[in-house]
Amino acid sequence: MKMTMNELAKLCHVSVSAVSKAFCDAEDISEETKHHIFTIAKEQGCFGKFYKGKYHKKIIAIICPEISGEYYSVFVNMLQEFIEKNGGICIISTDDFSTKKQAELIEYYISFLKVDGLFVLGLKTTLKKGYETPVVSIFFSVDNKVDLVVTDMNVAIYEAIETLYSLGHKKIAFLGEGLTLLKEEAFVENVKKFSEVECSIIRSKKRFEEAGYDCAEKLLKEKEKYTALICAYDNIAFGAIKKLKEVGIRVPTDVSVIGIDNINMSNFTETSLTSIDVNPKDICSIAYSLMEKKLDNKYFMANQNIVIKPSIIVRESIGKAK
């Protein structure tokens, strides 16, 4: 049987007006009475039905493209840690790289759920006018009015090429897939700065390790023999190394390999992977700091893109060119 407010008031030995005020967080009712009413309401399972006030903890939502790979899940876990450490509650959704789905999730969280703040891992849509919920984007943002924290991918790719070039590599291939076009573009732009370097772009329709394996297969069919590979992310590097090993090509003796993202596994493979660390801890720390300031003052805005410098972590997968 569903409990009415009148029945709850009788159980609490207070007036219906007192129950109504408690659930609306009215100022003219004592905390002691409110606590008494809430305790009995929770025991009767009707608290959520009547409560109209704001939840006592900050609710922060995160929208990310996916959590199936380690890369995005690292950022989500770090943001969640910051949120919960500071007394908030974290809600997570994935947009599956869809602009339409992301826009729907933003509308739901801001207009209907009325969250206190929102992190978007790659804002692909311009926010509607009238939104007052604090929003911070990570990676990129098509809306220049939204605060953004990002790794300088141009610097990351340049450092990867420069590191290989310093080891004598002048034939470098880039292995990627359909969702890594921004990294591919950064490679194309930066490799031009090394006039002696010959390059190739290999793109797979697959993802993760399968993409790397597929790209390596395609690369092996080319007439040119490349001495170094830059992979759009570490999982692609793992797949490529597997294929190279199958045909007797040794890493790094025959081919050097660099990944991007520096996921945890990169340090524990048979041949540990040299990778570009995008410094997720620094990114998430700054992003949460921005969110805190916006929660305190909804008009606060950094008015700039905050760029974090990446760093290359050199391991066993690179060596001098043959």
Side-chain angles (χ1 to χ4, degrees), residues 62 64-81 94 97 119-122 137-140 148-164 172-187 190 201-204 206-216 228-242 251-252 256-287 306-318:
I62 301 172
C64 66
E66 63 181 4
I67 52 175
S68 54
E70 184 179 334
Y71 179 62
Y72 290 112
S73 64
V74 165
F75 284 88
V76 170
N77 287 334
M78 285 185 177
L79 288 172
Q80 182 176 9
E81 187 177 326
T94 59
F97 298 94
F119 288 107
V120 183
L121 273 58
S137 183
I138 294 173
F139 304 141
F140 65 86
L148 172 67
V149 186
V150 64
T151 292
D152 192 331
M153 195 50 63
N154 272 314
V155 169
I157 299 293
Y158 179 85
E159 286 196 3
I161 299 170
E162 184 181 46
T163 298
L164 293 171
I172 304 172
F174 180 87
L175 310 189
E177 43 105 326
L179 294 172
T180 62
L181 299 183
L182 291 177
K183 293 178 181 178
E184 181 182 306
E185 290 170 7
F187 175 80
N190 282 282
I201 309 294
I202 308 294
R203 191 189 305 160
S204 174
K206 300 178 181 180
R207 299 200 63 210
F208 301 113
E209 290 81 3
E210 288 186 345
Y213 192 93
D214 182 43
C215 284
L229 310 178
I230 295 176
C231 300
Y233 51 87
D234 291 351
N235 300 85
I236 289 180
F238 301 148
I241 290 171
K242 176 177 173 58
V251 175
S256 289
V257 180
I258 294 181
I260 298 173
D261 296 341
N262 192 37
I263 64 175
N264 188 54
M265 191 186 300
S266 301
N267 196 32
F268 297 97
T269 50
E270 183 179 351
T271 301
S272 60
L273 181 66
T274 295
S275 186
I276 299 292
D277 189 346
V278 297
N279 296 318
K281 188 171 183 180
D282 289 345
I283 290 174
C284 291
S285 176
I286 292 171
I306 300 174
V307 181
I308 305 300
K309 190 176 183 294
S311 53
I312 188 164
I313 310 299
V314 177
R315 299 192 181 99
E316 298 169 335
S317 66
I318 62 172

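Predicted, not measured: the structure shown is a model, and the values here were computed from it. No hydrogens, no waters, no symmetry mates; every other heavy atom, side chains included, goes into these values.
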Under 3.5 Å donor-acceptor, Ser73 side chain and Glu70 backbone: yes
Under the salt bridge (charged side-chain N to carboxylate O under 4.0 Å, His left out) test, which residues partner Glu184, sequence neighbours left out? Arg203
Heavy-atom count around Ile286 CD1 within 6.0 Å, excluding the residue itself: above 12? yes
Check: Thr274 side chain, Arg315 main-chain N or O, donor-acceptor pair, under 3.5 Å: yes
Nearest heavy-atom pair of Cys231 and Ala237: which atoms, and what distance? SG-CA, 3.5 Å
Taking the inter-plane angle between the rings of Tyr72 and Phe97 on a 0 to 90° scale, is it parallel (under 30°), tilted (30 to 60°) or perpendicular (over 60°)? perpendicular
With sequence neighbours left out, write down each residue that passes side chain to side chain donor-acceptor pair (under 3.5 Å) with Ser272, or none if nothing qualifies. Glu316
Please round to the nearest 0.5 Å and tell me the distance separating atom CG of Leu175 and atom CD1 of Ile258. 12.0 Å
If you define the side chain from C-beta out and look only at heavy atoms, does anything of Tyr213 sit under 4.5 Å from Lys206? no
With a 4.5 Å limit on heavy-atom distance, are the side chains of Tyr158 and Ile161 in contact? no
Does any N or O in the side chain of Ser204 come within less than 3.5 Å of the main-chain N or O of Asp214, such that one atom is a donor and the other an acceptor? no
So, do Ser266 and Phe238 sit near enough that their side-chain heavy atoms are less than 4.5 Å apart? yes
Nearest heavy atoms of Leu121 and Cys64, plus distance in Å: CD2-CB, 3.7 Å
Please check: side-chain N/O of Ser317 versus main-chain N/O of Val257, any donor-acceptor pairing under 3.5 Å? yes
Which atom names give the shortest non-hydrogen contact between Gly176 and Cys215, and what distance separates them? O-SG, 3.4 Å
Any idea which heavy atoms bring Val76 and Ile62 closest together, and the distance? O-CD1, 4.0 Å
Indicate the atoms forming the closest heavy-atom contact of Lys183 with Tyr233, along with that distance. NZ-CB, 4.2 Å
Does Glu210, at its CD atom, have more than 12 non-hydrogen atoms belonging to other residues, nucleotides or ligands within less than 6.0 Å? no
What distance do Ile260 atom CD1 and Leu273 atom CG have between them, rounded to the nearest 0.5 Å? 10.5 Å
Quick one: CD1 on Ile236 to CZ on Phe208, what's the gap to the nearest 0.5 Å? 9.0 Å
Pair Glu81 + Lys281, salt bridge at N-O below 4.0 Å: no
The single option from Asp261, Ile312, Val155 passing side-chain contact (heavy atoms from CB on, under 4.5 Å) against Ile276: Ile312
First locate atom CG of Asp277, then atom CD1 of Ile263, and finally report the distance between them rounded to the nearest 0.5 Å. 11.5 Å
How far apart are the closest heavy atoms of Asn262 and Asp234, and which atoms are they? N-OD2, 2.9 Å
What pairs with Ser68 under side chain to side chain donor-acceptor pair (under 3.5 Å), at least two apart in sequence or on another chain? Glu66
I want to check something: taking the side chain as every heavy atom from C-beta on, are Lys309 and Asn279 in contact at a cut-off of under 4.5 Å? no
Side-chain contact test, heavy atoms from C-beta onward, threshold under 4.5 Å: evaluate it for Ile138 versus Leu79 and give yes or no. yes
Strictly distance-based, threshold 3.5 Å: is any side-chain N or O of Thr151 a donor or acceptor partner for the main-chain N or O of Met153? no
When rounded to the nearest 0.5 angstrom, what is the spacing between CD1 in Ile283 and CG in Leu148? 9.5 Å
Centroid separation Phe75 to Phe139 less than 6.0 Å: yes
Between CD1 on residue Ile157 and CD on residue Glu185, distance to nearest 0.5 Å: 11.0 Å
